[in-house]
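Read through the structure below, which is laid out as structure tokens, and then see the notes.
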Amino acid sequence: MKRSLSGIKSTGIPHVGNYLGMIRPAIELQNDHEAFYFIADYHALTTEKDGKAIYDSTLSVAAYFLAFGLDPSKAALFRQSDVPEVTEMAWLLSSVYNMGSLERAHSYKAAKDLGKANELNHATFMYPVLMAADILIYNSDVVPVGADQLQHLEMTRDMASRFNAVYGELLKLPEAIVNENVATVPGTDGRKMSKSYDNTIEPLTTSKKLKKQIMSVVTDVKTLEEPKDPTHCNVFALYKLFATHDEIETMKGNYLAGNYGYGHAKLALFEKMDAYFTPFRENYTRLIENPQEIEDALTLGTERVRPVVEETMEKLRYAVGVGRRK
Ligand code: ADP
Ligand code: TRP
């Protein structure tokens, strides 16, 4: 059975882009893959300095996976930091990877372009190396992610190849899995939905807040009577992700005919999303009130992945020449 692995940072609450781009496809893979999914709390440190916020977010993100149907008896769900060997592995990869390649990372360039030189920490520079360690330490075959992670996956393959060229064929080159329809889910302002842009929709918030977030989706200023262009509308783009083929066709007809306002479209979008997420919301609320249940799932997950980690690290330490030899 192939192994599927992915991670998501514990920086706040997941949004609809995280859900459609990563959480849902990852959970689907648990049925015919050996699934390893973790909450990237070490990666969260690059931007979040409030320890309590990282801790709380880790539990919330884990609760999201469980609420959406991750089955801890099938898939391993765990904290990145419960496997501290990934930081050791990152050091080994660091030693074969050159600075020039890391300087080309979009994540680093974006942080640098923000112009806050004093906030540009070394962990941000090293981010892709730790991510490569996350993937390679588990001998992963496939990595379900949104399109924004493709460059990191390329760098991971590159690091594995360089490591293998130096030390022999020890690391497996993984493949990214990106689902075309949801590769980049738009946010309320039409840009990629992202925690960094403050344009997110939170799937498991209360109905009231969900409605408010949907009502804030930006549209053009056409009057109620005017025909509207569905191909250039954020509300329609989001509706397409939740509605059936027939419902999409009906909404398209409404847009083109006129006498259909953006308020109507937003209400239809809210009703679709609210109906879709309500059952999961109930699971989430129950879990978040029982943190021990979440921790138990994380413990189980860590126990599942540990033998794989130990095997990889033993091989790598031997190959590079660190540690004791038995
Ligand atoms: P953010 O960009 O909000 O900080 P993360 O970097 O934590 O989100 O992303 C976690 C996962 O969700 C990654 O696999 C990423 O590719 C995916 N993802 C994030 N935003 C989107 C989006 N708007 N559309 C599709 N996938 C997304
Ligand atoms: N960089 C990913 C993100 O921002 C999170 C992540 C960390 C990850 N390690 C990973 C994703 C390993 C896939 C595999 O979303």
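Indexing begins at 1, ligand by ligand and atom by atom, following the structure's order.
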Exercise for review: Give the cluster check for Ile294 versus Tyr55: same hydrophobic cluster or not, with ILVMFWY residues linked at side-chain heavy-atom distances below 4.5 Å.
Suggested key: yes
**Study point:** Arg306 bridged to Glu310 by N-O distance under 4.0 Å
**Key:** yes
Point to revise | Element-labelled atoms of ligand 2 that are located less than 4.0 Å from some non-hydrogen atom of Phe38 | key: 9 (N), 10 (C), 12 (C)
Practice item. Considering only NZ, NE, NH1 and NH2 on the basic side and carboxylate oxygens on the acidic side, decide whether Asp56 and Lys52 come within less than 4.0 Å. Key: yes
Exercise for review: Please confirm whether the backbone N or O of Pro174 pairs with a side-chain atom of Arg157, one donor and one acceptor, at under 3.5 Å?
Suggested key: yes
Practice item. Examine the proximity of ligand 2 to Phe36 and report which part, side chain or backbone, both or neither, has a heavy atom under 4.0 Å away. Key: neither
Check your understanding: Is it true that a side-chain atom of Asn199 and a backbone atom of Ser194 form a donor plus acceptor pair closer than 3.5 Å?
Key -> yes
Check your understanding: Hey, are Thr250 and Glu247 close enough side-chain-wise for a donor-acceptor pair under 3.5 Å?
Key -> no
Check your understanding: Do any nitrogen or oxygen atoms of Ser6 come within less than 3.5 Å of a nitrogen or oxygen of ligand 2?
Key -> no
Check your understanding: Under 4.0 Å between a Lys/Arg side-chain N and an Asp/Glu carboxylate O for Glu34 and Lys74?
Key -> no
Check your understanding: Quick one: does Ala183 get a heavy atom under 4.0 Å from ligand 1?
Key -> yes
Practice item. May I ask you to identify, for Asp148, whether its side chain, its backbone, both or neither come under 4.0 Å of ligand 2 on a heavy-atom basis? Key: neither
Point to revise | Residues Arg281, Asp274: salt bridge by 4.0 Å N-O rule | key: yes
Check your understanding: Hey, does Asp148 come in under 3.5 Å of ligand 1, counting only N/O atoms on both sides?
Key -> yes
Exercise for review: Find all atoms of ligand 2 within a distance of less than 4.0 Å from any non-hydrogen atom belonging to Lys9, and give their numbers and elements.
Suggested key: 4 (O)
Review point. Any N/O of Gly146 closer than 3.5 Å to an N/O of ligand 1?
Key: yes
Exercise for review: Record the part of Pro144 in heavy-atom contact with ligand 1 below 4.0 Å; permitted values are side chain, backbone, both and neither.
Suggested key: neither
Revision key, fill the gap. Near Lys192 (heavy-atom distance under 4.0 Å), the atoms of ligand 1 are 2 (O), 20 (N), 23 (N)
Exercise for review: Consider every N or O of Ile8 and every N or O of ligand 1, then say whether any pair is closer than 3.5 Å.
Suggested key: no
Exercise for review: Scan side-chain atoms only and decide if Thr244 and Asp246 contain a donor-acceptor pair under the 3.5 Å cut-off.
Suggested key: no
Check your understanding: Who's the nearest protein heavy-atom neighbour of atom 13 (C) of ligand 1, and how far?
Key -> Gln149 CG, 3.9 Å
Study note, to complete from the structure: Under 4.0 Å between heavy atoms, the region of Val182 that gets near ligand 1 turns out to be backbone
Review point. If we only count N/O pairs under 3.5 Å, is Lys195 in contact with ligand 1?
Key: yes
Point to revise | ligand 1 contact on Met193 by region, counting heavy-atom pairs under 4.0 Å | key: both
**Study point:** Salt-bridge contact Glu48-Lys9 (side-chain N to carboxylate O under 4.0 Å)
**Key:** no
Review point. Do Ser10 and Ser57 have side-chain atoms, one donor and one acceptor, less than 3.5 Å apart?
Key: no
Check your understanding: Atoms of ligand 1 less than 4.0 Å from Gly21 heavy atoms?
Key -> 25 (C), 26 (N)
**Study point:** For atom 27 (C) of ligand 1, the protein heavy atom that lies nearest, with its residue and separation
**Key:** Gly17 O, 3.4 Å
Check your understanding: What atoms in ligand 2 come closer than 4.0 Å to a heavy atom of Gln149?
Key -> 1 (N), 2 (C), 3 (C), 4 (O), 15 (O)
Check your understanding: Counting both backbone and side chain atoms, is some N or O of Val185 under 3.5 Å from an N or O of ligand 1?
Key -> yes
Exercise for review: Pull out every atom of ligand 2 sitting under 4.0 Å from any heavy atom of His43, numbered as shown with elements.
Suggested key: 7 (C), 9 (N)
Review point. Distance only, no hydrogens: is a donor on one side chain within 3.5 Å (strictly under) of an acceptor on the other, for Asp134 and Gln80?
Key: yes
Point to revise | Region of Asn18 that comes within reach of ligand 1 [heavy atoms, distance under 4.0 Å] | key: both
Exercise for review: Give a yes or no on this: more than 12 heavy atoms of other residues, nucleotides or ligands lie within 6.0 Å of atom CG of Asp198.
Suggested key: no
Exercise for review: May I ask you to list the atoms of ligand 1 that are less than 4.0 angstrom from any heavy atom of Val145?
Suggested key: 14 (O)
Check your understanding: Which atoms of ligand 2 are found less than 4.0 Å from any heavy atom of Val143?
Key -> 13 (C), 14 (C)
Review point. Between Asn121 and Thr124, do the side chains contain an N or O donor and an N or O acceptor separated by less than 3.5 Å?
Key: yes
Practice item. For the pair Val217 and Asp189, evaluate side-chain contact (heavy atoms from CB on, under 4.5 Å) and give the outcome as yes or no after the intermediate values. Key: CA-CA 6 Å; Val217 174; Asp189 59 359; over 6 Å; no
**Study point:** Minimum-distance protein heavy atom relative to atom 13 (C) of ligand 2
**Key:** Gly7 N, 3.4 Å
Review point. Does an N or O from Ser196, backbone or side chain, lie closer than 3.5 Å to an N or O of ligand 1?
Key: no
Review point. For ligand 2, is there an N or O atom under 3.5 Å from any N or O atom of Gln80?
Key: no
Check your understanding: Looking only at N/O atoms, are His152 and ligand 2 under 3.5 Å apart anywhere?
Key -> no
Review point. Do the ring centers of Tyr284 and Phe280 come within less than 6.0 Å of each other?
Key: no
Review point. Which ligand 2 atoms, with their elements, are less than 4.0 angstrom from a heavy-atom of Tyr127?
Key: 1 (N), 2 (C), 3 (C), 4 (O), 5 (C)
Review point. Any idea which atoms of ligand 2 are less than 4.0 Å away from a heavy-atom of Asp134?
Key: 7 (C), 9 (N), 10 (C), 12 (C)
Review point. Donor-acceptor pair, Lys228 side chain versus Lys222 backbone, under 3.5 Å?
Key: no
